[in-house]
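After the structure tokens below, expect a handful of questions from me.
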Amino acid sequence: MYNIRFVEEHIEELKEVSEKKGLSLDFQGFRKLNKERKSLKGEVDEFRREKNKKGQKVGELKREGKDASSLLSELEDLKKGVTKKEKELKEIQKKVNDFISWIPNRVHPSVNSEPTVIKEPTGIKKFSFTPIDHINLGKSLGILDFQLASTVAGSHFALYKGKGAILERALINFMLDLHTKRHGYTEIFPPFLVNEYSMFTTGQLPKMRDDMYITKRDGLFLNPTAEVPLTNILANKILEKEEIPIKYCAYSACFRREAGSYGKETKGLLRIHQFNKVELVNFVHPEESYNTLEHLLKEALVVIELLDLPHRVIQLSINELSFASAKTYDIEVYAPGVDKWLEVSSISNFEDFQARRAGIRIKEKGGTIHIHTLNASGVATPRLLVSLMENYQTDKGEIIIPDPLIPYTDFEKIG
RNA sequence: GGAGAGAUGGCCGAGUGGUCGAAGGCAACCGAUUGCUAAUCGGUUGAGGGGUAAAAAGCCCCUCCCAGGGUUCGAAUCCCUGUCUCUCCGCCA
């Protein structure tokens with residue numbers, strides 16, 4: 001979280017970025033509040049000084065066996081007069097902190113006000129027939145069953161069956177192997193439930209609260225992405241310079257309420273409450289983070305390229321950037337059945353925004369500095385599966401398994 | 001779930017009511033010295049906030065010894081609650 005002094009000194013800049021990220025925060029109110037805070041702080045400090053001094057004197061008197069009763073009554077009055085102010089100060093301080101917690105990360109200068117195509121559409125396939133969408137495909141092949149999913153859980157859940165379930169599992173294993181064996185990641189199998197603090201440090205809270213599943217009894221959050229547990233592994237750690245970069249990857253189920261998103265692109269697997277994702281998180285030196293961002297994009301792209309799926313890369317515009325991100329690329333795959341570009345990976349540099357909230361630092365000359373964190377989906381399966389099913393379908397309604405996946409599925413086609 | 005032990009600065013670790021923001025060690029930094037990347041000696045080194053100052057330095061002050069309450073003129077030290085770690089018992093994948 002931003003330091004209050006920093007906010008004070010960068011009000012205009014922070015206000016601008018907040019607005020661009022779609023948050024209208026009351027910086028004017030903050031100014032006023034902060035002014036109050038300062039004067040109140042002065043008053044309270046002055047009282048405490050007085051109190052400390054007199055309290056010490058009481059000690060001295062008592063040790064000498066002298067009478068301290070007049071001092072004691074003075075102290076009592078002093079205390080009475082100021083408890084209210086102390087309470088006020090506490091309240092203001094809390095308000096100030098709450099306000100600051102809502103200020104989003106700043107944005108890298110290379111981010112535009114419009115989305116930018118980084119990689120033009122590549123590998124679009126020609127069909128000699130009209131491709132069917134994954135919903136009908138999945139139904140006729142008996143590998144996807146949304147009906148059953150809603151019986152068990154509710155709408156906008158998915159249920160994979162038979163070879164569909166195996167294919168899903170194959171994708172996850174394929175990606176994990178790729179990143180651990182080829183890209184040098186340490187694999188983590190994290191808790192899927194995380195505490196409120198973890199959700200705060202990565203920047204999901206306070207903004208995205210309505211989009212979270214929360215367990216009633218224990219107040220735990222179902223993680224919306226493995227980014228949350230992975231990043232928090234190092235929370236409040238001070239690392240040696242030689243320990244970074246650190247590269248963690250993990251599979252996790254991801255849970256999102258998707259509040260308010262009904263109606264748009266919600267068919268079939270396009271937007272569901274629970275999905276699978278392999279996530280990559282890097283912890284790097286601040287000077288390295290933008291090189292790492294490019295590198296992460298490449299690592300995520302390898303998945304798509306090995307599966308030979310049509311795709312493109314977009315650099316997000318300012319207003320599309322998430323709360324915590326300074327710069328983000330999206331990888332989108334094309335799905336000919338639904339005729340849509342689908343986001344399967346988001347690659348972001350958070351700079352020191354998350355590290356600041358989580359207290360992740362390295363030792364540098366003369367003290368410690370916050371490191372930079374980045375993450376990339378590597379990648380999310382539902383839309384990947386959609387693109388795979390729809391691109392690898394035959395005119396007979398079968399699905400051919402791409403070569404790299406066959407060792408994982410043990411079958412070459414479905415249908 | 002029950003019983004007990006613990007949580008102190010970058011790290012280790014002392015400290016059971018005042019003069020403790022905290023001994024000591026290590027590490028780091030600065031300097032000195034030694035004919036060589038080591039040794040020795042001296043010094044410095046936590047964070048946040050308020051004030052003063054054009055700003056920086058400096059100076060003054062407040063807060064922070066897991067978190068939140070409480071007792072007390074005064075709490076790192078005593079009491080309560082919570083979190084986490086460790087040990088034992090129970091229960092259970």
A:E364 and A:H285 side chains, donor-acceptor separation under 3.5 Å: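 Distance-only check passes for A:H285 and A:E364.
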A quick test of your reading: do over 12 heavy atoms of other residues, nucleotides or ligands sit less than 6.0 Å from NZ of A:K15?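 Open.
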Please state the P separation for the pair B:rG48 and B:rU87 - nearest whole angstrom.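 Here B:rG48 and B:rU87 have their P atoms 36 Å from each other.
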Pick the P atom in B:rC12 and in B:rA7, then give their distance to the nearest Å.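 Per the computed distance, 12 Å lies between those P atoms.
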Would you kindly give the CD1-to-P distance between A:I92 and B:rG50, to the nearest whole Å?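 It works out to 13 Å between those atoms.
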Is the count of non-hydrogen atoms from other residues, nucleotides or ligands lying under 6.0 Å from A:K139 atom NZ greater than 12?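 Atom NZ in A:K139 is not packed in, count stays at 12 or less.
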Would you measure the distance from the P atom in B:rC64 across to the matching atom in B:rA56 and give it in whole Å?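 Rounded to whole Å, the distance is 26 Å.
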Sugar-phosphate only, base, or nothing, as touched by A:K54 at under 4.0 Å among non-hydrogen atoms: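 Touches nothing.
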Measure CD1/A:I238 against P/B:rC11 and give the value in whole Å, please.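 In whole Å, B:rC11 P and A:I238 CD1 are 6 Å from each other.
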Choosing from B:rC61, B:rG48, B:rC73, which nucleotide comes nearest the side chain of A:V58?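 Comparing B:rC61, B:rG48, B:rC73 against the side chain of A:V58, the answer is B:rC73.
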Using the six-membered ring wherever Trp is involved, compare the ring planes of A:H183 and A:H179 and label them parallel, tilted or perpendicular (cut-offs 30° and 60°).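 Tilted.
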Return the pairing partner of B:rG58 with a 3.5 Å limit on both distances, Watson-Crick or G-U wobble; otherwise return none.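 Paired with B:rU52.
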Please determine whether any donor N or O and acceptor N or O are separated by less than 3.5 Å between the side chain of A:D45 and the base of B:rG51.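 Looking at the base of B:rG51, it does not pair with any donor or acceptor on the side chain of A:D45 (distance under 3.5 Å).
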B:rA28 P sits how many Å from A:E364 CD, rounded?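 Between P of B:rA28 and CD of A:E364: 15 Å.
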Reckon A:G59 touches a base, only the sugar-phosphate, or nothing at all at heavy-atom distances under 4.0 Å?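 Base contact - A:G59 has a heavy atom under 4.0 Å of at least one base atom.
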Send over the distance from A:N52 CG to B:rC20 C1', rounded to a whole Å.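 For the pair A:N52 CG and B:rC20 C1', the rounded distance is 13 Å.
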Is any N or O donor-acceptor pair between the side chain of A:K57 and the base of B:rC73 shorter than 3.5 Å?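 Flag unset: no donor-acceptor pair detected.
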What is the distance from CD of A:E46 to P of B:rG51, rounded to the nearest Å?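 Between P of B:rG51 and CD of A:E46: 13 Å.
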Atom-pair distance (NE2 on A:H370; P on B:rA47), nearest Å: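 So the NE2-P distance, A:H370 to B:rA47, works out to 12 Å.
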Taking only the P atom of each, what is the distance from B:rG25 to B:rC79 in whole angstrom?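 About 32 Å, rounded to a whole number of Å.
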So what does A:I4 hit on the nucleic acid, given a heavy-atom distance under 4.0 Å: a base, only sugar-phosphate, or nothing?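 Since only primed, P, OP1 and OP2 atoms lie under 4.0 Å of A:I4, the category is sugar-phosphate.
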In Watson-Crick or G-U wobble terms, both distances under 3.5 Å, what is the partner of B:rA5?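 Pairing partner: B:rU85.
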Parallel, tilted or perpendicular, as decided by the 30° and 60° cut-offs, for the rings of A:Y290 and A:H108: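 Ring orientation of A:H108 relative to A:Y290: tilted.
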C1' spacing across the pair B:rU34 / B:rG42, given as an integer number of angstrom: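 Their C1' atoms lie roughly 15 Å apart.
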For B:rG6 versus B:rA14, give the span between their C1' atoms, rounded off to a whole number of Å.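 That atom pair is separated by 16 Å.
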Atom NZ of residue position A:K119 - does it have more than 12 heavy atoms of other residues, nucleotides or ligands inside 6.0 Å?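 More than 12 within 6.0 Å, yes.
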Return whichever of A:K90 or A:K363 has its heavy-atom-nearest nucleotide of RNA chain B closer to the 5' end.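 It is A:K363, whose closest nucleotide lies nearer the 5' terminus.
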Tell me whether the count of non-hydrogen atoms from other residues, nucleotides or ligands lying under 6.0 Å of NE2 in A:H295 goes above 12.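 Counting other residues, nucleotides and ligands, NE2 of A:H295 stays at 12 neighbours or fewer.
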Applying a 3.5 Å limit to both distances, which nucleotide forms a Watson-Crick or G-U wobble pair with B:rG21?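 Result: none.
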Counting side-chain heavy atoms from CB outward, which of B:rG48, B:rG50, B:rC73 is closest to A:K38?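 Minimum distance to the A:K38 side chain belongs to B:rG50.
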Who does B:rU40 pair with, Watson-Crick or G-U, both distances under 3.5 Å?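 By the stated definition (distances under 3.5 Å), B:rA32 pairs with B:rU40.
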OP1 or OP2 of B:rG49 versus the side-chain N and O atoms of A:N3: is any pair under 4.0 Å?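 It does, given that an N or O in the side chain of A:N3 lies less than 4.0 Å from OP1 or OP2 of B:rG49.
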What is the distance, rounded to the nearest whole Å, between atom NZ of A:K237 and atom C1' of B:rG10?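 To the nearest whole Å, that distance equals 14 Å.
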Span that lies between the P atom of B:rC20 and that of B:rG31, in whole angstrom: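 That atom pair is separated by 32 Å.
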Any-strand Watson-Crick or G-U partner of B:rC26, both distances under 3.5 Å: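 Check on B:rC26: paired to B:rG10, both distances under 3.5 Å.
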Are A:K38 and A:E8 within salt-bridge range, i.e. N to O under 4.0 Å?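 Answer for the salt bridge query: yes.
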Please state the P separation for the pair B:rG10 and B:rC65 - nearest whole angstrom.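 One P to the other, the span is 14 Å.
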Both A:R361 and A:V44 contact RNA chain B. Which one's nearest nucleotide lies toward the 5' end?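 So the residue in question is A:R361.
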Should B:rG90 form a Watson-Crick or G-U wobble pair with both distances under 3.5 Å, which nucleotide is its partner?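 Per the H-bond distance test, none.
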Pairing nucleotide - B:rC65, Watson-Crick or G-U, each distance under 3.5 Å: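 WC or wobble partner does not exist here.
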For B:rC60, does OP1 or OP2 lie under 4.0 Å from any side-chain N or O of A:R49?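 Negative; the distance criterion is not met.
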How long is the line joining CZ of A:R357 and P of B:rG48, in whole Å?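 A:R357 atom CZ is separated from B:rG48 atom P by 18 Å.
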